[in-house]
Protein chains: 2
Amino acid sequence: MSTLCHCTILRRATRKLSAVYDLALAPFAINIAQYSLLRVIAREQPLSLTTLGRRTELDRSTVGRNVRVLEKLGLVVTRKSEDDQREAVVALTAQGTDTIQRAFPAWENCQRDIEAKLGAGKIDTLRTILDSI
Amino acid sequence: MSTLCHCTILRRATRKLSAVYDLALAPFAINIAQYSLLRVIAREQPLSLTTLGRRTELDRSTVGRNVRVLEKLGLVVTRKSEDDQREAVVALTAQGTDTIQRAFPAWENCQRDIEAKLGAGKIDTLRTILDSI
DNA sequence: GCCAGATGCGGGCATATACACGCATACATG
DNA sequence: CATGTATGCGTGTATATGCCCGCATCTGGC
């Protein structure tokens, strides 16, 4: 068995792939983490930070800070929930919706590039493996 | 083709797997990123920060900061190279060497756990895929 | 030998990420 | 209804990561 660390290999690949997506999304002034978060918000808005954390499997405090960045960029707004005064609910702004749509082709190109590079079979395998981690 | 982002899936899996390794290494007061870095240093010490960055495919400034943390933990020392006054070379301390050795079984357990979970075939496939990213 | 370009580093800036703590609100049980 | 527990958030602290800038040093061509 190899002495190479599975986790370290995974971490390295993630950094590299993220850099590819980040570069493609740079013209829209967002990165892949932000794009991904925007997409979840778009799909379920309005939603609370805690819910957003569950969807993304991110720590709630991480989500809170990441959303704050998106807010600073003018892509989302947060407001207090009326039902539950504790909750902060997030929704896209018009600019946020627009940014997602404009960035979509760039993101899709990344998807196609990696699919072409690995082949559909390996993409499926990869997804299966990663989902089971 | 699915609308799921390959990069986001990879990022999520990396966070989760890192958390597993981090938990296993917690008794030794290091995380997987640090353990991995220590191993590279152990293998090639003494080496410059730039070389360390090339080996790990990390930005040099990142390596510089990460090494500083290891230094604060007493696991490595850095000194100015005698040959090239610009270079900062890194080497393990006795405590660093000791920590790697003591942490090794915990790391190895993580390796075996993930190998058992995925099976040797999938581990190989995963490595091949990740290496080609 | 000298200067221009290359190389090595640290620091500034920014995001991503997690955990622990404390505060406010909601809710459930007596 | 009152209190104890559960839930939702923000903040503090820490590491990980990358880009850019400026400084110091090295090196090669002249």
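Keep in mind that this is a model prediction, so the values were computed, not measured. We use all heavy atoms of the structure for the numbers below, so side chains are in, but hydrogens, waters and symmetry mates are not. Chain A is the first sequence line, chain B the second, and so forth, proteins listed ahead of strands; every chain is numbered from 1.
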**Report entry** Electrostatic pair A:Arg15-B:Glu57, nearest N-O below 4.0 angstrom
**Finding:**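 So A:Arg15 does not pair with B:Glu57 through a salt bridge.
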
How many Å lie between [atom1] on [X] and [atom2] on [N], as a whole number?
X	N	atom1	atom2	result
B:Asp83	D:dA24	CG	C1'	17 Å
B:Glu82	D:dT25	CD	P	16 Å
A:Gln85	D:dC9	CD	P	12 Å
A:Ile32	C:dT17	CD1	P	11 Å
B:Arg12	C:dT17	CZ	P	11 Å
B:Leu70	D:dT15	CG	P	10 Å
A:Lys16	D:dT17	NZ	P	14 Å

**Report entry** Reported CD1-to-CG distance for the pair A:Ile9 and B:Leu17, which is rounded to 0.5 angstrom
**Finding:**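 Going from the CD1 atom of A:Ile9 to the CG atom of B:Leu17 covers 10.5 Å.
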
Query raised in the report: Rounded to the nearest 0.5 Å, how far does CD of A:Glu108 lie from OG1 of B:Thr3?
Result: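 CD of A:Glu108 is found 10.5 Å from OG1 of B:Thr3.
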
Query raised in the report: A:Arg79 near the nucleic acid: base, sugar-phosphate alone, or nothing, with a heavy-atom cut-off under 4.0 Å?
Result: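 Answer is nothing: A:Arg79 stays at 4.0 Å or more from every strand.
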
**Report entry** 5' precedence on DNA chain D between B:Glu57 and A:Asp84 (nearest-nucleotide basis)
**Finding:** A:Asp84

Query raised in the report: When B:Ile123 is tested against each of B:Lys117, B:Gln111, B:Glu115 for side chain to side chain contact (heavy atoms under 4.5 Å, CB included), which residue passes?
Result: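 The side chain to side chain contact (heavy atoms under 4.5 Å, CB included) with B:Ile123 is passed solely by B:Glu115 among B:Lys117, B:Gln111, B:Glu115.
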
Query raised in the report: Which of residues 93-104 of chain B sit near DNA chain C, with a heavy atom under 4.0 Å from it?
Result: none

Query raised in the report: Should A:Asp131 and A:Arg127 count as side-chain neighbours, where that means a heavy-atom distance under 4.5 Å?
Result: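 Yes, close enough: below the 4.5 Å cut-off.
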
Report task. Could you check if a side-chain atom of A:Leu10 sits within less than 4.5 angstrom of a side-chain atom of B:Leu10, using non-hydrogen atoms only? Result ->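 Contact flag for A:Leu10/B:Leu10 side chains = yes.
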
Query raised in the report: Going by number, which of residues 17-27 of chain A have a non-hydrogen atom under 4.0 Å from DNA chain D?
Result: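 Going residue by residue through residues 17-27 of chain A, none turns out to have a heavy atom under 4.0 Å of DNA chain D.
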
Report task. If a protein heavy atom is under 4.0 Å from the base, mark B; if only from the sugar-phosphate, S; if neither, -; do that for nucleotides 9-16 of chain C going 5' to 3'. Result -> BBBBB-SS

Query raised in the report: Taking only N and O in the side chain of B:Arg54, is any of them less than 4.0 Å away from OP1 or OP2 of C:dG8?
Result: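 Checking C:dG8 against B:Arg54, a side-chain N or O does come within under 4.0 Å of OP1 or OP2.
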
Report summary line: Applied to residues 24-46 of chain B, the side-chain hydrogen bond (donor to acceptor under 3.5 Å, both in side chains) test, sequence neighbours excluded, yields A:Thr8-B:Ser36, B:Tyr35-B:Arg39, B:Glu44-B:Arg55

Report task. Check for a donor-acceptor pair, side chain of B:Lys80 on one end and backbone N or O of B:Gln85 on the other, with a separation under 3.5 Å. Result -> yes

Requested in this report: For B:Ser18, check side-chain hydrogen bond (donor to acceptor under 3.5 Å, both in side chains) against everything at least two apart and list the hits.
Outcome: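 B:Ser18 satisfies side-chain hydrogen bond (donor to acceptor under 3.5 Å, both in side chains) with A:Arg11 only.
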
Query raised in the report: Do B:Ser48 and B:Thr51 have side-chain N/O donor and acceptor atoms under 3.5 Å apart?
Result: yes

Determine all donor-acceptor pairs shorter than 3.5 Å in which one atom belongs to a side chain in residues 67-77 of chain A; sequence neighbours excluded.
residue: A:Glu71; atom: OE1; partner: A:Thr78; partner atom: OG1; Å: 3.4
residue: A:Glu71; atom: OE2; partner: A:Thr78; partner atom: N; Å: 3.2
residue: A:Glu71; atom: OE2; partner: A:Thr78; partner atom: OG1; Å: 3.0

